[in-house]
Number of protein chains: 2
Amino acid sequence: MPDHRRPYRRETEERRREDLIAAALDLVAEGGLHAATVRAIADRAGVTPGLIRHYFTSKEELTRVAYRRLMQRMTSDSAAVLLDAPDDPVARLASFVAASVSAPVADPVALGLWAAFLHDVRRDASMRAVHTAMYLDFRDMLQGLIAALPRVASDAQLRTEAIACNGVIDGLWMEGSILAEAFAVGEIIAIALSATGSILNVDLTSAYKPDRNIP
Amino acid sequence: MPDHRRPYRRETEERRREDLIAAALDLVAEGGLHAATVRAIADRAGVTPGLIRHYFTSKEELTRVAYRRLMQRMTSDSAAVLLDAPDDPVARLASFVAASVSAPVADPVALGLWAAFLHDVRRDASMRAVHTAMYLDFRDMLQGLIAALPRVASDAQLRTEAIACNGVIDGLWMEGSILAEAFAVGEIIAIALSATGSILNVDLTSAYKPDRNIP
DNA sequence: TTTCTTGTTATACGGCTGTGTAATTCGTTT
DNA sequence: AAACGAATTACACAGCCGTATAACAAGAAA
């Protein structure tokens with residue numbers, strides 16, 4: 001029996017939901033899905049466990065929402081690169097490819113989160129829909145950049161090339177994130193540029209100018 | 001109070017360990033890591049929960065062993081392809097690449113298992129070592145096939161090309177496993193051959209002859 | 001047949017899980 | 001200042017988790 005009840009401040013619904021989602025993602029990233037228990041999430045968000053069921057009908061719903069938020073973040077991280085990318089189509093594609101295999105798009109935490117949710121994604125239809133949309137969004141971005149190259153290419157060829165380049169990016173994203181120590185600094189970027197360049201028959205390597213903002 | 005004790009047969013240590021490992025992998029594949037509880041594993045293997053701690057010092061050890069077994073299976077599945085692959089270096093590489101993005105190497109269950117263990121792999125040093133070894137084994141196989149091509153290439157170039165081709169394969173392996181319905185039959189194989197062919201500047205597509213044993 | 005080893009089952013335990021519900025207190029409205 | 005609504009806390013509950021330990025029985029050895 002507590003001497004005094006824990007004092008608290010009322011917050012907006014959006015703020016509380018955001019905090020709970022962030023706490024859940026943090027915990028999943030640190031300790032896997034099973035570490036994100038109702039009590040741990042509440043603790044991390046600075047509230048008591050009961051509050052979670054006041055904002056989410058079940059823990060499963062919180063999980064779904066958190067996954068959706070993660071995918072949104074990954075997609076917007078990718079799209080953000082294009083905001084201050086060069087105008088030249090070749091350099092623009094090169095910059096996008098390089099960013100996609102570098103932080104913050106590619107990092108061990110993001111991969112860990114992605115993997116942790118994978119099983120639920122396969123089982124839950126709504127989560128699978130989120131995943132599919134995010135994958136196709138990314139691939140469409142890539143295909144748009146490829147289509148802008150100064151070449152002639154059929155639609156079918158563009159699709160094939162986009163899938164292939166996406167494959168390279170995803171594969172290197174994965175390997176670079178898990179086995180970062182197995183590669184030299186910049187090696188993944190160089191390989192990504194060279195490989196996608198080969199696939200598209202365009203010299204991306206010499207078109208790539210590292211972002212001056214990032215040391 | 002049970003009327004009678006459950007009857008049982010004694011088995012060899014190897015048999016029991018194998019059964020428990022297989023049961024654990026089955027359950028992880030079906031329901032994620034959290035579905036592989038001590039009780040569920042024992043039930044699936046046809047024994048009682050206590051027996052697990054007779055053969056494994058902890059559930060964590062069973063997990064590590066199961067992961068090691070999974071990696072062994074994936075590696076040997078990959079290597080098996082080379083046993084009845086063509087002798088011609090180009091056709092040989094093409095057959096290896098195609099097999100690596102097809103069943104049984106690439107399938108949703110394998111990807112799900114791989115993802116389920118990923119977090120533990122990042123945290124546990126011995127599991128990480130297993131993963132690294134498996135990755136390098138696969139890449140070395142690939143690099144060996146690339147080196148056998150009728151071309152001249154430096155060691156550094158071979159390494160770069162192997163990493164790039166491995167990236168393509170891994171990426172397509174991932175996407176094809178999760179989003180199988182988003183691709184036409186054989187499309188992933190065709191793209192994998194075309195992309196790796198471009199990277200290596202070799203025509204793998206026309207060198208590829210589908211295995212007659214597989215319809 | 002009887003003994004002995006040990007593979008196997010049975011059971012207990014503390015701790016943690018997600019959920020349901022009642023009590024409280026914050027901040028606003030009257 | 002008093003009342004009110006609802007955000008938040010507090011607590012209870014059944015169930016499952018991994019682990020520990022003791023009782024049993026299967027099959028080999030004698």
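Values below: every heavy atom of this structure, side chains too, minus hydrogens, waters and symmetry copies. Quick caveat, the model's predicted, so the values are computed rather than measured. Chain letters run A, B, ... following the sequence lines, proteins first and then strands; every chain starts at 1.
The side chain of A/Tyr55 contributes an N or O atom lying less than 4.0 Å from OP1 or OP2 of D/dT8. Note on B/Arg6: a side-chain N or O is less than 4.0 Å away from OP1 or OP2 of C/dT9. The side chain of B/Thr37 places an N or O atom within less than 4.0 Å of a non-bridging phosphate oxygen (OP1 or OP2) of D/dC17.
Environment of CD in A/Glu60: sparse, with no more than 12 heavy atoms of neighbouring residues, nucleotides or ligands closer than 6.0 Å.
Between the C1' atom of D/dA25 and the NE2 atom of B/His54 lies a distance of 14 Å, rounded to the nearest Å. Taking atom CG on A/Leu33 and atom P on C/dT17, their separation rounds to 13 Å, with Å as the unit. If you measure from atom NE2 of A/His34 to atom P of C/dT17, you get 9 Å, rounded to the nearest angstrom. If you take CD of B/Glu14 and P of C/dG7, they are 15 Å apart, rounded to a whole angstrom. Straight-line distance from the CD1 atom of B/Ile52 to the P atom of C/dT9: 11 Å, rounded to whole Å. At whole-Å resolution of the value, CG in A/Leu51 and P in C/dC26 are 15 Å apart. Residue A/Lys59 contributes atom NZ, which lies 8 Å from atom C1' of C/dG18 at whole-angstrom precision. Atom CZ of B/Arg53 is separated from atom C1' of C/dT6 by 17 Å (rounded to the nearest Å).
Contact annotation: side chain of A/Arg39 to base of C/dG18, donor-acceptor pair present below 3.5 Å. For A/Arg5 against C/dT25, a side-chain-to-base donor-acceptor contact under 3.5 Å is absent. Counting distance only, with no hydrogens placed and no angle test, the side-chain atoms of A/Arg10 and the base atoms of D/dA6 include a donor-acceptor pair under 3.5 Å.
Residue-to-nucleotide proximity on DNA chain D shows that, of B/Pro7 and A/Gly50, the 5′-proximal contact is made by A/Gly50. Residue B/Arg16 is the one, among B/Arg16 and A/Pro49, whose nearest nucleotide of DNA chain C lies closer to the 5' end (criterion: closest heavy atom). Where B/Ser58 and A/Val47 meet DNA chain D, the nucleotide closest to each residue was compared, and A/Val47 sits on the side nearer the 5' end.
The residue B/Arg9 sits close only to the backbone: its heavy atoms come under 4.0 Å of sugar-phosphate atoms, none of a base. At a threshold of 4.0 angstrom between heavy atoms, the contacts of B/Phe56 with the nucleic acid are absent. Residue A/Glu13 is classed as having no contact, given no heavy-atom separation below 4.0 Å to the nucleic acid.
The one candidate from B/Leu20, B/Ile21, B/Asp26 that meets the side chain to side chain contact (heavy atoms under 4.5 Å, CB included) condition with B/Ile41 is B/Leu20.
With salt bridges taken as basic N to acidic carboxylate O contacts below 4.0 Å, none links B/Glu175 and A/Arg139.
By the 30° and 60° cut-offs, the orientation of the rings of B/Trp114 relative to B/Trp173 is perpendicular. Between A/Tyr135 and B/Phe183, the ring planes are perpendicular. Angles over 60° get that label, and only those under 30° would be called parallel.
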